[in-house]
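Here the structure comes first, spelled out in structure tokens, and everything after it is commentary.
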Amino acid sequence: MKTTFKEEDGKFIATLEGRLDTAVADQTAKELEVLNDCMGHDIVIDCEHLEYISSSGLRILLAIRKRAASVNSKVTILHLNADIQKVFQMTGFYNLFEIK
């Protein structure tokens, strides 16, 4: 799992690549802690190269959303592949995030 960050146009952008499964969830959650300082910035999570997400990965995204909402920021998720879109729809996550 590879995670990269950049700030662009007043947004924090995190790019996820690989498999976000239980084996890498703790490390990925630590890497994504930088998004906790999003005060005044919206968050974009680019999943174009994300191949798989487990329930542990979904919990990480939910924690990011909760933290962002607490400081009046929003989370947008980009480029979900068809399999991950199905997971988001089945779990109700599709309604929790702005997905493009």
Side-chain angles (χ1 to χ4, degrees):
M1 177 72 202
K2 181 179 176 186
T3 307
T4 56
F5 301 95
K6 66 181 176 179
E7 187 176 343
E8 185 177 289
D9 298 327
K11 296 178 181 174
F12 289 162
I13 302 171
T15 302
L16 306 178
E17 298 180 40
R19 296 176 55 86
L20 183 46
D21 56 22
T22 304
V24 298
D26 288 340
Q27 180 62 35
T28 303
K30 288 177 186 170
E31 292 171 359
L32 292 173
E33 284 179 357
V34 69
L35 299 177
N36 288 337
D37 297 325
C38 66
M39 181 74 80
H41 298 274
D42 289 333
I43 296 171
V44 175
I45 300 175
D46 188 343
C47 298
E48 184 171 7
H49 300 288
L50 185 65
E51 300 165 7
Y52 172 84
I53 191 165
S54 69
S55 59
S56 299
L58 291 173
R59 279 192 293 277
I60 292 168
L61 296 181
L62 185 58
I64 292 169
R65 182 191 174 278
K66 284 183 174 184
R67 173 67 180 138
S70 74
V71 294
N72 296 319
S73 296
K74 73 175 184 176
V75 179
T76 302
I77 298 181
L78 304 179
H79 306 121
L80 293 177
N81 69 35
D83 291 335
I84 296 175
Q85 276 186 4
K86 287 178 188 175
V87 171
F88 270 61
Q89 289 169 340
M90 289 187 318
T91 59
F93 272 58
Y94 216 84
N95 298 323
L96 297 176
F97 295 92
E98 181 176 336
I99 299 177
K100 294 182 179 181

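All values derive from a computational prediction rather than experimental measurement.
- Atom-to-atom distance recorded for Tyr94:OH and Gln89:CD is 5.5 Å, nearest 0.5 angstrom.
- Ala14 and Leu35 get closest at one heavy-atom pair: CB-CD1, 4.2 Å.
- Between the CD1 atom in Ile84 and the SG atom in Cys47 there is a gap of 6.5 Å [rounded to 0.5 Å].
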* **Intermediate values then yes/no, side chain to side chain donor-acceptor pair (under 3.5 Å), Gln27 and Glu31** => CA-CA 6 Å; Gln27 180 62 35; Glu31 292 171 359; 3.3 Å; yes

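- Under the 4.5 Å side-chain criterion, counting only non-hydrogen atoms from C-beta, Ile64 is not in contact with Arg67.
- In this structure, Asp21 contributes its side chain and Ser54 its backbone to no donor-acceptor pair below 3.5 Å.
- Both Leu16 and Ile43 are assigned to one and the same hydrophobic cluster, defined by single-linkage of ILVMFWY side chains at heavy-atom distances under 4.5 Å.
- Taking CD1 of Ile77 as the start and CD of Gln85 as the end, the distance is 11.0 Å to the nearest 0.5 Å.
- A pairwise comparison of heavy atoms in Asp46 and His79 identifies OD1-ND1, 2.9 Å as the closest pair.
- Residues Val34 and Phe12 have side chains not in contact (no heavy-atom distance under 4.5 Å, counting atoms from C-beta outward).
- Ile99 and Phe93 make their closest contact through CD1-O, 4.5 Å (heavy atoms, listed as atom of the first residue, atom of the second, distance).
- A side chain to side chain contact (heavy atoms under 4.5 Å, CB included) with Ile60 holds for exactly one of Leu32, Asp26, Ile45, Ile53; it is Leu32.
- Here the closest non-hydrogen pair linking Arg59 and Ser56 is NH2-OG, 3.2 Å.
- Put simply, the side chain of Asp42 does not reach to within 4.5 Å of the side chain of Thr76, judged on heavy atoms.
- Here the shortest heavy-atom pairing between Gly18 and Met1 reads C-SD, 4.3 Å.
- Phe97 and Leu62 get closest at one heavy-atom pair: CZ-N, 4.2 Å.
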* To do: Assess whether side-chain contact (heavy atoms from CB on, under 4.5 Å) is satisfied between Phe88 and Leu58, documenting all intermediate values.
  => CA-CA 9 Å; Phe88 270 61; Leu58 291 173; 3.8 Å; yes

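- Interatomic distance, Thr4 OG1 to Lys2 NZ, rounded to the nearest 0.5 Å: 6.0 Å.
- Here Thr28 contributes atom OG1 and Arg19 contributes atom CZ; the two are 12.5 Å apart, rounded to the nearest 0.5 Å.
- Between Asp9 and Lys11 there is no salt bridge, since no side-chain N of the basic residue sits under 4.0 Å from a carboxylate O of the acidic one.
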* To do: Give the C-alpha distance, both sets of side-chain angles, the deciding distance and a yes or no for side-chain contact (heavy atoms from CB on, under 4.5 Å) between Phe5 and Ile13.
  => CA-CA 6 Å; Phe5 301 95; Ile13 302 171; over 6 Å; no

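- We find the CD-OG1 distance between Glu17 and Thr3 to be 8.5 Å, quoted to the nearest 0.5 Å.
- A donor-acceptor pair under 3.5 Å is absent between the side-chain atoms of Asn81 and the main chain of Glu48, judged by distance alone.
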